[in-house]
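The block underneath contains the structure these notes are about, expressed in structure tokens.
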Number of protein chains: 2
Amino acid sequence: MRLGNGPASIGELAEPFDMALPSFMRHIQFLQNSGWINTRKEGRVRICTLEKQQFAIVEDWLSEQRALWNARTDRLEQFVTSKQNKDNSR
Amino acid sequence: MRLGNGPASIGELAEPFDMALPSFMRHIQFLQNSGWINTRKEGRVRICTLEKQQFAIVEDWLSEQRALWNARTDRLEQFVTSKQNKDNSR
DNA sequence: ATGATACTTAGCTTTATGGCTAAGCATTCG
DNA sequence: CGAATGCTTAGCCATAAAGCTAAGTATCAT
């Protein structure tokens, strides 16, 4: 959430958490390895930024999947409905 | 992905995986506790279905967050640009 | 040049995770 | 009724995760 406001240093990100810095760093590294954030070193400070494209990718994937599911559900409902109509018309 | 096609039994879902059934069950339970799927018992068979709303919630959250970030970035760019203009007009 | 700052690295400990087998319990088939 | 099927429960084990402290390194400020 914090990174949504723009870049921040490790120290700033870690500050609200009751956790030793090395422990916090591993979370940062994990997020970077997973492609959610990027980091660069500015002097002795490491700056973190959000990898916004990654979030766009996830959103697109979700959107696509849901569209597929819904299309399938629609076809199923259509089938059930048409079957009902046939039965009713007997 | 399989559940996107419609409901399926534990056995059917587990079949492609080289994993003992109890182990697989824990994955199912985890997904259910996390709200991604739902299950019901039909005779001795347990049927799993996708909790589509959950995916919609995530998609909405992502969409909202990204909109916020982009709005902020836009304002930042606008600020930088307007500052540039002032500097240029001296 | 020294001390302070902001991470980093190394190494350790505790706990959680993810897997297994064996045995149990309903439900369905013959 | 007895056997087969489809999970479930119980209990165990190996490994990975997530934390810590202590010590190290590279900047920055004086």
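Bear in mind the structure is a predicted one, so any value in this text is a computation, not a measurement. Lettering of chains follows the sequences in order, A, B, ..., and the numbering in each one begins at 1.
- The listed nucleotides are C:dT27, C:dT21, C:dT8; the one nearest the side chain of B:Arg44 is C:dT27.
- Dashed line: the shortest gap from a side-chain N or O of A:Lys41 to OP1 or OP2 of C:dT8 is under 4.0 Å.
- Relative to the side chain of A:Val45, the nucleotides C:dC7, C:dT21, C:dT8 differ in distance, and C:dC7 lies closest.
- We find that CD1 of A:Ile28 is positioned 12 Å from C1' of C:dC7, with the value rounded to whole Å.
- Between the B:Ser23 side chain and the B:Met19 main chain, no donor and acceptor come within less than 3.5 Å of each other.
- Mapped onto DNA chain D by nearest heavy atom, A:Ser23 and A:Glu42 fall at different nucleotides, with A:Ser23 at the one closer to the 5' end.
- B:His27 has its NE2 atom 12 Å from the P atom of C:dT17, to the nearest Å.
- Considering only heavy atoms from C-beta on, A:Glu51 stays 4.5 Å or farther from A:Gln32 through its side chain.
- At whole-Å resolution of the value, CZ in A:Arg40 and P in C:dA6 are 17 Å apart.
- Aromatic rings of B:Trp36 and B:Phe55 (six-membered ring for Trp) have centroids within the 6.0 Å cut-off, being under it.
- In this structure, CD of A:Glu12 is placed 14 Å from C1' of C:dA6, rounded to the nearest angstrom.
- Counting heavy atoms from C-beta outward, A:Thr39 and A:Thr49 have side chains that stay 4.5 Å or more apart.
- Projected onto DNA chain D by closest heavy-atom contact, B:Gly11 and A:Arg26 fall at different nucleotides, the more 5' of which corresponds to B:Gly11.
- Here chain B contacts DNA chain D (any atom closer than 4.0 Å to a heavy atom, that is under 4.0 Å), and the contacts span D:dA4 to D:dT9 from 5' to 3'.
- No continuous path of hydrophobic side-chain contacts links A:Leu21 to A:Phe30 [ILVMFWY only; heavy atoms under 4.5 Å].
- One atom, CE of B:Met25, and another, P of C:dG18, lie 15 Å apart when rounded to the nearest Å.
- Here C:dA26 presents its P atom at 14 Å from CZ of B:Arg46, a figure rounded to the nearest Å.
- Straight-line distance from the CZ atom of A:Phe24 to the C1' atom of C:dA6: 14 Å, rounded to whole Å.
- Here the side chain of B:Ser63 pairs no donor or acceptor atom with the backbone of B:Glu59 at under 3.5 angstrom.
- Spacing between atom CD of A:Glu15 and atom P of C:dC7 amounts to 12 Å, rounded to whole angstrom units.
- Electrostatic pairing of B:Glu42 and B:Arg40 counts as a salt bridge here, judged by a charged N lying under 4.0 Å from a carboxylate O.
- Across all strands shown, A:Leu21 has heavy atoms under 4.0 Å from base atoms, whether or not it also approaches the sugar-phosphate.
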